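Everything on this sheet refers to the single structure shown next.
Order of the sequence lines fixes the chain letters, A, B, ..., with proteins taken first and strands second; residue numbering starts at 1 for each chain. Every value quoted in this text rests on a predicted model; they were computed, and no experiment measured them.
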Amino acid sequence: MSIQLSEQEVLRRQKLEELNKLGINAYPAEEFKVNASAEDIKENYERDKINYKNISLAGRVMSIRDMGKAAFAVIQDATSRIQIYVRKDDIAPNEDKSLYDVVWKKLIDIGDIIGVQGFVFTTKTGEISIHVTNFKLLSKALKPLPIVKTDEDGNSYDEVSDPEFRFRQRYVDLIINPHVRDTFRKRTRIFNSIREILNDNGLLEVETPILQSIPGGATARPFITHHNALNMPLYLRIANELYLKRLIVGGFDGVYEFAKDFRNEGMDRTHNPEFTMLEFYVAYKDYNWMMNFTERMLEKVVTDLYSTTEVTVGDKTIDFKAPFKRVTIYQAIKEHTGIDISNMDEAQLRDVCKQLNIHAEASMGKGKLIDEIFSAKCEGLYIQPTFITDYPVEMSPLTKKHRNNADLVERFELMINGKEIANAYSELNDPLDQRERFEEQVKLQERGDDEAMFIDHDFLRALEYGMPPTAGIGIGMDRLTMLLTNNVSIQEVLFFPQMKPEALNSAKEA
RNA sequence: GAUUCCGUAGCUCAGCAGGUAGAGCAUUACACUUUUAAUGUAAGGGUCCUGGGUUCGAAUCCCAGCGGGAUCACCA
């Protein structure tokens, strides 16, 4: 690495040498015992002052206001930020004032991680602060931290807004933008909340293969990799559905997995090549049960997160109070286009597409055409949580046929804020029907549909041993998180969204 | 993949009828022992994304590339 160092970087390296000369290890090994957090102090000091006379706290220096023989600084720990007050005569009570004049004033920078000991007090201006009696450098920062200042009205100045900077150096983004940390905490709370509900209902959390020899369970282009020892291609999973259903065959009544899935498709603000999908399957249930369960689950997730069922998303308020509205896909299309397509064949559907100005590929079958019409004319209109049900059989090769209509399947998608959040069905467990559906998919492949499914013979074999009637669902966790944290970009809810490599890696290390 | 906008100091940005760069914060020095976007005075800091071209002269104009955003296509 022969990167030109900036003035500030050179300076900080010099300070590091100074520290070494003074016998101060800028990266000490020993534990620094902490007995308070910034949040704890700010929340509890006022009514419990007795317990804040001897506190120890560690964090990153976020700002310094030097007043001559005393200084104020702001320390950020994992919970929050708190002001510290460092007075020369307090940290250096004897003749030797170098701890203040040299170490504190000259060698500590914004961005450094320090530990402080002292007592809590309230300043003249009413800010709860730590009066420092001793401090210790815990880690010296060699790069200058971008400074975001916030005034008393909450306006930010010089906020780092460049998405490239923020996503490539997420660690910096997390340090300086508290709302980013908040988003990721919420993401984890959403996952925990769901995990709790599923566990409470007796489902077993499982892990299934990411490397698969037949990518199944969804229609999407997979990533291909190669196993050297076996000398064979392997695919990164596009879904884990077929494996979870094998486990239902194996006798588990309920299984779930938060699965990283991979799809080799375009990237935009709702698509990352790797993303997280929750899938779960429950034996002896059907899609009606799953709708009931899903709406209760989401209501609880939102309540756990916000203590209310309402969530603000952009300029809208979305209410997750169960039950959610339910409407069949044919009803939805009829309602929003005035056209009843329930008895149409492929040719008639093509005419409808033409009439509605919807682009229809020659390779599209009946199911895909209906899906196009719904996507173009209906999907965006469902802002409040709505189950769209009873899809045509052609676009649902893993779904059980509808109990009352052989042209339909027992499937629903949950639409929220105009987007699909979940996809679920009464799982097809008739092995002969499943084989026929796979064969239909092969025909679609032959027509040029490069996303149609492969036949998974082992999965068929599993079904032939008998799978109980089962309800299953897939929920796009990234998109659910986007929705519940009011973010429009998937990059905002992934710590490390996919990016093209920086020149940093290729050029300078070679 | 297509269209479009963007890439100037550590950060946020200005500079563009072409004359080799500015501001605020950050940094450095000095002053200030309860400040809070602390303040005052002074100073330093830039392969203007990269590579070509036009020109006496390019951060500025043209071409190509790299990276990012937005919209569209594909999809979750």
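Using atom P as the reference point in both rG19(B) and rC66(B), the two lie 31 Å apart (nearest Å). Here the separation of rC74(B) from rA14(B), taken at their P atoms, is 36 Å to the nearest Å.
For F167(A) and rA70(B), the CZ to P distance is 8 Å, given to the nearest whole Å. If you take CZ of R269(A) and P of rA73(B), they are 12 Å apart, rounded to a whole angstrom. For D66(A) and rA31(B), the CG to P distance is 10 Å, given to the nearest whole Å. Taking atom CD1 on I490(A) and atom C1' on rA70(B), their separation rounds to 17 Å, with Å as the unit.
By the 5.5 Å and 30° criteria, Y157(A) is stacked with the base of rA37(B).
Within the nucleic acid shown, E159(A) comes within 4.0 Å of sugar-phosphate atoms alone, with no base atom in reach, counting heavy atoms only. M277(A) comes within 4.0 angstrom of no nucleic acid atom, judged by non-hydrogen atoms across all strands. Heavy atoms of K88(A) sit nowhere under 4.0 angstrom from any nucleic acid atom. Residue contacts shown for D268(A) include a base, since a base heavy atom lies under 4.0 Å away. Among the protein residues, N272(A) comes within range of the nucleic acid bases, having at least one heavy atom under 4.0 Å from a base atom. Using a 4.0 Å heavy-atom distance criterion, E127(A) is classed as a base contact. When heavy atoms are screened at a 4.0 angstrom cut-off, F165(A) is found touching the sugar-phosphate backbone but no base atom.
Using a 3.5 Å distance cut-off with no hydrogens or angles, the side chains of E39(A) and T79(A) do not pair a donor with an acceptor.
If you check rU60(B) for Watson-Crick or wobble pairing at under 3.5 angstrom, you find it has no partner at all. In a base pair of the Watson-Crick type (N1 to N3 plus N6-O4 or O6-N4) or a G-U wobble (N1-O2 and O6-N3), with each distance short of 3.5 Å, rA17(B) is matched with no nucleotide. Nucleotide rG1(B) forms a Watson-Crick or G-U wobble pair with rC72(B), both donor-acceptor distances falling under 3.5 Å. Base pairing of rC30(B) is made with rG40(B), judged by Watson-Crick or G-U wobble geometry with both donor-acceptor distances under 3.5 Å.
Put simply, the side chain of Q8(A) and the base of rA26(B) share a donor and an acceptor less than 3.5 Å apart.
Which of rG69(B), rG67(B), rA29(B) sits closest to the side chain of E164(A) comes down to rG67(B). Of the candidate nucleotides rU28(B), rU35(B), rC30(B), rU28(B) has the atom lying nearest to any side-chain atom of K15(A).
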For F72(A) and D66(A), what are the C-alpha separation, side-chain angles and deciding distance, and is it a side-chain contact (heavy atoms from CB on, under 4.5 Å)?
-> CA-CA 6 Å; F72(A) 292 92; D66(A) 191 344; over 6 Å; no
Which is it for F121(A) and Y85(A) under the ring pair (Phe, Tyr, Trp, His ring centres under 6.0 Å) test, yes or no, and what are the steps along the way?
-> CA-CA 9 Å; F121(A) 75 113; Y85(A) 177 58; 5.8 Å; yes
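An OP1 or OP2 oxygen of rG10(B) is reached within less than 4.0 angstrom by no side-chain nitrogen or oxygen of K143(A).
Annotation: H179(A) is not in aromatic contact with F184(A) [ring centroid separation under 6.0 Å not met].
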